[in-house]
Amino acid sequence: MTVRWGVIGTGGIARSFVGDCVSAGVEFVAVGSRTADRAEAFAAEFGIPRAHGSYEELVADDEVDAVYVATPHSRHAEDALLAIEAGKHVLVEKAFTITAAEARRVVDAARRADVAVMEAMWTRFLPQMSMIRELVAEGRIGRVRVVEATHHQALPSDPQHRLNDPALGGGAILDLGVYPISFAVGVLGVPTSVVAAGTLSDQGVDTQMGLVVTHEGGTQSMIHFGLDLRSPNTASIIGEDGRIDLDATWYTPTTWRIRDRDGAVVEEFDGREELTGYAHEVRAFESMVTSGNHEGGPMDPEETIAIMALMDEARRQVGVRYAADDEAVAPHGGRPVSTDPDVGLEAPPAVP
């Protein structure tokens, strides 16, 4: 079975994603935008046969099997629910939603509709990450105790830019922090607590944040991210018998090495590849669709919810609040399903 894709949103991430996946042979049959002109321009650019001037038209397209949601964070839950209600499988750009409560609602809706849903954390699906997971499982560096990772970018400072607008889920954590947080959770497992400190902009979003996260079994991750400066963006997985060091930029196809307990290089690897790597997550998602096994794998929905809950708590400690913290997502702009933000939420305990 060939999975036929539709795209909601025509911004920068949609262009990167579709361009990479078209080169890898992924079939896109439709695109939807809030205006017909933008949809038609995007369709022409990538050779997509049908353009829709609304998201509702896109999800109603009978030729579309799966939808990639590439809208701003503040729309992710609403657009994912729109596609799910139309019976489409849904790949949602990271961060999956604004809050864990929204994430739970989307995942539960997908289960009821018997469709696949997954966060598009493309890093998890890179060949190098698959190799690293295998090496860790084999005990090549002994019992893993610590993960260290950073993610800093010098991004636009315009207060009107979506990255700096709390109404659109702005700030470093949802755009940048989700990468090292997801990485650490993927290696060390579900977080049990977090201590967070950060700096807020005049608009009230986080410009930088540092986290010390405790995971099951007492392991820890140390994470830092920011949107107003650049850093080497490297990462390490540290075990009792050695470590794995990933070079810049660690969350992309890159070079990496295994070191022994004394720091000597044991093995070196080159994970760089011609494509940026989005197609790996798409092929994994398509396998979920065609097999009927809609959960599990490198980015299980329950793990996504745990990551969102961790980010909720980190934001609470630092003082970043979004409208979604105060009310549940309203499908298609209607009345909220619930005003209880803790419905279905499995959050790590608050740190005094």
Side-chain angles (χ1 to χ4, degrees), residues 94 119 121-152 176-196 209-225 231-271 277 280-281 284 296-311 313-314 346-349 351:
K94 53 79 197 150
E119 181 180 18
M121 179 50 71
W122 65 283
T123 298
R124 289 278 189 109
F125 298 88
L126 295 176
Q128 72 192 34
M129 292 300 180
S130 298
M131 290 181 64
I132 287 169
R133 284 193 293 269
E134 291 174 4
L135 291 167
V136 168
E138 291 168 2
R140 286 289 299 276
I141 58 172
R143 177 173 173 256
V144 175
R145 299 284 297 278
V146 175
V147 167
E148 297 177 345
T150 62
H151 189 188
H152 301 90
L176 306 181
V178 66
Y179 280 97
I181 291 169
S182 183
F183 177 60
V185 172
V187 174
L188 297 177
V190 174
T192 58
S193 66
V194 58
V195 177
M209 197 182 295
L211 312 179
V212 178
V213 184
T214 300
H215 302 258
E216 293 176 332
T219 57
Q220 287 190 323
S221 56
M222 290 173 285
I223 295 164
H224 200 278
F225 46 89
S231 76
N233 289 334
T234 57
S236 293
I237 301 170
I238 305 169
E240 294 176 343
D241 299 326
R243 71 178 192 264
I244 297 172
D245 291 334
L246 288 83
D247 297 324
T249 301
W250 67 264
Y251 55 85
T252 68
T254 189
T255 52
W256 53 284
R257 65 200 52 79
I258 302 173
R259 296 182 183 272
D260 64 19
R261 193 168 183 171
D262 297 322
V265 175
V266 175
E267 245 181 303
E268 294 185 272
F269 303 87
D270 190 341
H280 297 297
E281 69 178 347
M299 198 68 255
D300 185 77
E302 290 298 324
E303 194 166 315
T304 289
I305 294 170
I307 290 165
M308 293 305 310
L310 170 62
M311 293 196 291
E313 174 59 18
E346 297 174 1
V351 179

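The basis for the numbers below is simple: all heavy atoms, side chains too, and nothing from hydrogens, waters or symmetry mates.
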Participant: Rounded to the nearest 0.5 Å, how far does CD1 of Ile307 lie from CE of Met311?
Facilitator: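 So the gap between those two atoms works out to 7.0 Å.
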Participant: Taking atom CZ of Arg133 as the centre, does the number of heavy atoms from other residues, nucleotides or ligands within less than 6.0 Å exceed 12?
Facilitator: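 Atom CZ in Arg133 is crowded, with more than 12 foreign heavy atoms closer than 6.0 Å.
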Participant: Which value, rounded to the nearest 0.5 Å, describes the distance between Ile237 atom CD1 and Phe183 atom CZ?
Facilitator: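 The distance works out to 4.0 Å.
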Participant: May I ask you to test the Thr150-Pro232 pair for a side-chain heavy-atom distance under 4.5 Å?
Facilitator: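 No - every pair of side-chain heavy atoms lies 4.5 Å or more apart.
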Participant: Please round to the nearest 0.5 Å and tell me the distance separating atom CZ of Arg140 and atom CD1 of Ile132.
Facilitator: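 Reported value, rounded in 0.5 Å steps: 12.0 Å.
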Participant: Of Arg145, Glu148, Arg259, which is the lone residue that meets side-chain contact (heavy atoms from CB on, under 4.5 Å) with Arg243?
Facilitator: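 Result for side-chain contact (heavy atoms from CB on, under 4.5 Å) with Arg243: Arg259.
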Participant: Check whether Thr234 reaches the backbone of Ala248 with its side chain - one donor and one acceptor, N or O, closer than 3.5 Å.
Facilitator: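 A pair under 3.5 Å: no.
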Participant: Is the His151 ring parallel, tilted or perpendicular to the Tyr179 ring (thresholds 30°, 60°)?
Facilitator: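 Perpendicular: the ring planes of His151 and Tyr179 meet at over 60°.
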Participant: Strictly distance-based, threshold 3.5 Å: is any side-chain N or O of Asp241 a donor or acceptor partner for the main-chain N or O of Arg143?
Facilitator: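 Absent.
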Participant: Please tell me if the side chains of Met209 and Leu176 come closer than 4.5 Å, counting only heavy atoms from C-beta onward.
Facilitator: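 When only atoms from C-beta onward are counted, Leu176 and Met209 do not touch, as no gap falls below 4.5 Å.
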Participant: Could you give the distance from OG (Ser236) to CD1 (Ile244), rounded to the nearest 0.5 Å?
Facilitator: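 The distance works out to 9.5 Å.
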Participant: Would you say the side chain of Val144 lies within less than 4.5 Å of the side chain of Thr219, judging by non-hydrogen atoms?
Facilitator: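 SC-SC contact between Thr219 and Val144 ruled out.
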Participant: Rounded to the nearest 0.5 Å, what's the gap from CD on Glu303 to OG on Ser182? Could you check?
Facilitator: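 One finds 6.5 Å between CD of Glu303 and OG of Ser182.
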Participant: Any side-chain donor-acceptor pair under 3.5 Å between Thr255 and Asp270?
Facilitator: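 No, Asp270 and Thr255 have no side-chain donor paired with an acceptor closer than 3.5 Å.
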Participant: For a quick test of reading the model, state the closest non-hydrogen atom pair linking Asp247 to Thr254 and the distance between them.
Facilitator: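 It is O-OG1, 3.3 Å.
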Participant: Start with the C-alpha gap between Ile238 and Met222, add the side-chain angles, then the distance that decides, and say whether side chain to side chain contact (heavy atoms under 4.5 Å, CB included) holds.
Facilitator: CA-CA 11 Å; Ile238 305 169; Met222 290 173 285; over 6 Å; no
Participant: Nearest 0.5 Å, please: how far is OG1 in Thr192 from NE2 in His215?
Facilitator: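 Result: 8.0 Å between the selected atoms.
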Participant: Do the charged groups of Arg124 and Glu281 touch, with an N to O distance under 4.0 Å?
Facilitator: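 Not counted as a salt bridge, because no side-chain N and carboxylate O are separated by less than 4.0 Å.
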Participant: What are the two closest non-hydrogen atoms of Glu302 and Asp300, and how far apart are they?
Facilitator: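 Closest pair (atom of Glu302, atom of Asp300, distance): N-OD2, 3.0 Å.
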Participant: Please examine the side chains of Phe225 and Val178, heavy atoms only from C-beta on, and report whether any two atoms are closer than 4.5 Å.
Facilitator: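 Heavy-atom side-chain distance check fails, nothing below 4.5 Å.
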Participant: Which atom names give the shortest non-hydrogen contact between Leu126 and Gly277, and what distance separates them?
Facilitator: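 Answer, listing the atom of Leu126 first, then Gly277: CD2-CA, 4.0 Å.
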Participant: Testing the basics here: between Gln220 and Thr214, what is the closest heavy-atom pair and its distance to 0.1 Å?
Facilitator: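 Reported closest heavy-atom pair: NE2-OG1, 3.7 Å.
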Participant: Where do Asp260 and Val266 come nearest, in terms of heavy atoms and distance?
Facilitator: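 Looking at all heavy atoms of both residues, the shortest contact is N-CG2, 3.6 Å.
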Participant: Can you tell me if Glu119 uses its side chain to pair, donor with acceptor, with the backbone of Met299 under 3.5 Å?
Facilitator: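 The answer is no, because no donor-acceptor pair under 3.5 Å joins these two groups.
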Participant: What heavy-atom pair brings Gln128 and Trp256 nearest, and what distance separates the two atoms?
Facilitator: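 The pair with the smallest heavy-atom distance is CB-NE1, 3.5 Å.
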Participant: Is it true that a side-chain atom of Thr123 and a backbone atom of Tyr251 form a donor plus acceptor pair closer than 3.5 Å?
Facilitator: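 It does hold such a pair.
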